[in-house]
Participant: 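Once you've had a glance at the structure underneath, I'll fire off some questions.
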Amino acid sequence: MTIPIYVQGAWFVGALLFIFGLKGMSSPASARRGIVIAGYGMLIAIAATFLVPGLQNLGLMILALVIGGAGAWISGKRVKMTDMPQMVAIYNGMGGGAAAAIAAIEFARGDAHAVTTIVLAVVGALIGAVSFTGSCIAWAKLQGVLDKTYRLPAQNLVNAVLALVAVALGVAMIVLTPAQPGLIIGFFIVSLVLGLIVTLPIGGADMPVVISLFNAFTGLAVGFEGYVLGNPALIIAGIVVGAAGTLLTQLMAKAMNRSISNILFMPMVASGSGEEITGTMKEVSAIDAAAMMRYASKVIIVPGYGMAVAHAQHKVWEMTELLEEAGVEVKFAIHPVAGRMPGHMNVLLAEAGVPYDKIFDLEEINAEFTQADVALIIGANDVVNPSARTDKASPIYGMPILNADQAQNVIIIKRGKGAGYSGVENALFYADHSRMLYGSAQPMAGEIIQHLKAMA
Amino acid sequence: MDGMLALYIFMLAAFTGYEIIGKVPVILHTPLMSGSNFVHGVVVVGAMVVLGQAETPVQQVIGFFAVALGAANAAGGYVVTERMLGMFKKKED
């Protein structure tokens, strides 16, 4: 089939706008314009595709576009900001499923293809299918539909065997072209099951890295199927996303001090800390906490996922505004893995109205903790655990942390006395200059606001 | 398509992806992941071409799902990314 030059040209413009759009997202000021530009690219590419000569099943096509597009549009408009990671996961899985389905049709048609084409079709189908079911599991876990972690005995062996079977079936499809329907169906079933089995044992805390990995997978799958279809726009968009997603996955894993293979194949070990923790946890009342911050000159707030779960970000921002009115300098310090994805916490704070020039990442703010009178830690734990710096026996040793322990005073809003998700005790909570404010973040921030207003 | 030519496209596209992400501040990582998720929604274009050529009912059914899933990827990816990025504002404006 030959594609007319005007359709080719429109696809080219689409690919160009995608790259411009992604580039625009490199700065907060132009980021929104970036996604709008990429959106126009998508509209142009889709509209031009209707002009491909000899297209059949147009009614079916429009119906599919409307059902898929409208369904996702409405659910995307409704989703809460805290639930964003799983929404990204599910949309991503759908893209992977689409890539795998394209490959399935190509196999079913059984047209004679060059070896390269079949190889890429098989590889794209495999990773697309894994991304599809894996992302569905990731969604179910983060959404809380699936709250148990299923771990098979000899999980890694099962993974390896399944992966080998999938690859073997793929090779068989390449050798035995055109493949028989039974072989094709078997290949897809094994690939889909592989995605399920690999993702099931992974805990919710590691899921962001996995979602990012599947995002890269889908990109590659789309790129490879683009080659199969002879469509450079798909190749470029897919491979750009594949490369970008791979780098993003590495950045995330590095921020958690976990390697990607570690996340996929090893459970997080909840071993105790090797170092003795001395001291006791000292409680503080909301009124004292309010006074400590009200009469400070500089306060650094360290929000964690606990704050997001408690939906406390609006209250925290209200508290921040009151402190600023009283002349206190307030900054937010964000650990790279605060929230559920890198940058997720920034989105949650932005939703609450916190301007992004008050939000600082680890490298920018770590030197400033020594000048802070108060570090207020809200629902964060492992990311401020000083044993990551010193205790080689700790499972989180080597993870970059926020130096909240170097502030003059530390106030920790925390629901209970438990350890962080890593299971490691936090020596900071026992330190002489630390005070614990027990309670859920939202009512606690509310109480502090009341006391601040009374002091004004 | 010419295999070597495609290899060059793969290489250049991979470098482009690396370069784009390398310069993005951490605060934009989630929207960017979502944005790149939107971009691979272009798979819907490939799905449309394939459905347009589907001949048997089986191919039509699979093609229908491919287009629906691809469209959901594109539409959903766009909406959530746009919503997230719309929230980034400098103070008092």
Side-chain angles (χ1 to χ4, degrees), chain A residues 18 22 25-26 28 31-32 35 39 42 45 49 55-57 60-61 64-65 67-69 72-73 76 87-88 91-92 94-95 97-99 101-102 104-105 108 116 215 218-219 222 227 229-230 234-241 243-244 247-248 341-344 346-347 350-351 355-356 361, chain B residues 1 3 6 9-10 13-14 16-18 20-21 23-24 26-30 32-37 39-43 45-52 54 58-60 62-82 84-88 90-91:
Chain A
F18 290 153
L22 282 171
M25 289 187 217
S26 62
R32 190 165 175 277
I35 183 67
M42 188 70 74
T49 307
L55 278 191
Q56 291 150 19
N57 308 317
L60 207 57
M61 195 181 296
L65 282 172
I67 290 176
W73 189 276
M87 273 333 259
V88 175
Y91 296 142
N92 171 53
M94 288 170 169
I102 289 174
I105 296 179
T116 335
N215 187 39
T218 303
V222 171
Y227 176 84
L229 297 173
L234 259 68
I235 299 181
I236 290 167
I239 300 296
V240 164
V241 172
L247 184 57
L248 193 57
M341 292 197 290
H344 187 205
N346 306 72
V347 173
E351 187 195 17
Y356 59 77
D361 61 21
Chain B
M1 185 187 297
I9 298 181
F10 281 145
T16 309
Y18 247 76
I20 287 172
I21 285 277
K23 292 185 193 116
V24 169
V26 178
I27 67 158
L28 285 174
H29 276 178
T30 288
L32 192 91
M33 176 159 128
S34 177
S36 59
N37 175 43
V39 165
H40 66 52
V42 73
V43 70
V45 166
M48 285 167 70
V49 173
V50 171
L51 175 61
V58 174
Q59 291 175 15
Q60 285 172 335
I62 303 175
F64 178 82
F65 277 107
V67 173
L69 289 172
N73 183 177
Y78 181 83
V79 169
V80 297
T81 310
E82 204 267 345
M84 279 192 263
L85 291 176
M87 285 170 189
F88 287 106
K90 266 217 178 327
K91 62 181 167 191

Participant: Go through the structure and list residues passing salt bridge (Lys or Arg N to Asp or Glu O under 4.0 Å) with B:E82, not counting sequence neighbours.
Facilitator: A:R32

Participant: Select, from B:V58, B:T81, B:V80, the one with the greatest count of heavy-atom pairs under 4.5 Å involving chain A.
Facilitator: B:V80

Participant: Under the rule for side chain to side chain contact (heavy atoms under 4.5 Å, CB included), what residues qualify as partners of B:A68, not counting sequence neighbours?
Facilitator: A:A64

Participant: Just say parallel, tilted or perpendicular for the rings of B:F10 and A:Y227, cut-offs at 30° and 60°.
Facilitator: tilted

Participant: Let's test your reading of the structure: which of B:G77, B:A47, B:G76 forms the most heavy-atom pairs below 4.5 Å with chain A?
Facilitator: B:G76

Participant: Ignoring hydrogens, what is the shortest heavy-atom contact between B:I62 and A:A101? Give both atom names and the distance.
Facilitator: CG2-O, 3.5 Å

Participant: I need the B:M33 CE to A:M25 CE distance, nearest 0.5 Å.
Facilitator: 13.0 Å

Participant: Other residues, nucleotides and ligands only: do more than 12 of their heavy atoms fall within 6.0 Å of CZ on B:F64?
Facilitator: yes

Participant: Would you kindly say whether B:S36 and A:N215 are connected by a side-chain donor-acceptor distance under 3.5 Å?
Facilitator: yes

Participant: CG/B:L85 to CD1/A:I35 distance, rounded to the nearest 0.5 angstrom?
Facilitator: 7.0 Å

Participant: Could you grab the distance from atom CG of B:N73 to atom CE of A:M94, nearest 0.5 Å is fine?
Facilitator: 8.5 Å

Participant: As an exercise, state the distance from CE of A:M61 to CG of B:L51, rounded to the nearest 0.5 Å.
Facilitator: 4.5 Å

Participant: Using heavy-atom distances under 4.5 Å, tell me whether A:I67 contacts chain B through its side chain, its backbone, both, or neither.
Facilitator: side chain

Participant: What distance do B:I20 atom CD1 and A:L248 atom CG have between them, rounded to the nearest 0.5 Å?
Facilitator: 12.5 Å

Participant: Taking the side chain as C-beta and beyond, is there a heavy-atom pair between A:L55 and B:M48 under 4.5 Å?
Facilitator: no

Participant: Quick one: closest heavy-atom pair of B:A72 and A:A72, and the distance?
Facilitator: O-CB, 3.3 Å

Participant: Please lay out, stage by stage, how A:L229 and B:V49 fare under the test side-chain contact (heavy atoms from CB on, under 4.5 Å).
Facilitator: CA-CA 9 Å; A:L229 297 173; B:V49 173; 5.5 Å; no

Participant: Which atom pair, heavy atoms only, marks the closest approach of A:A98 to B:V43?
Facilitator: CB-CG1, 3.8 Å

Participant: Chain A: which of B:T16, B:V45, B:V67, B:V50 shares the most heavy-atom pairs with it under 4.5 Å?
Facilitator: B:V45

Participant: Which pair of heavy atoms, one from B:H40 and one from A:N92, lies closest together, and at what distance?
Facilitator: NE2-OD1, 3.0 Å

Participant: Do A:V240 and B:V39 come close enough that some side-chain heavy atom pair is under 4.5 Å?
Facilitator: no

Participant: Could you tell me which non-hydrogen atom of B:G17 sits nearest to which non-hydrogen atom of A:A243, and how far apart they are?
Facilitator: CA-CB, 4.2 Å

Participant: Measuring from B:N37:CG to A:M87:CE, what's the distance to the nearest 0.5 Å?
Facilitator: 11.0 Å

Participant: Considering only heavy atoms and a distance below 4.5 Å, find which of B:G63, B:A71, B:S34, B:G52 pairs most often with chain A.
Facilitator: B:G52

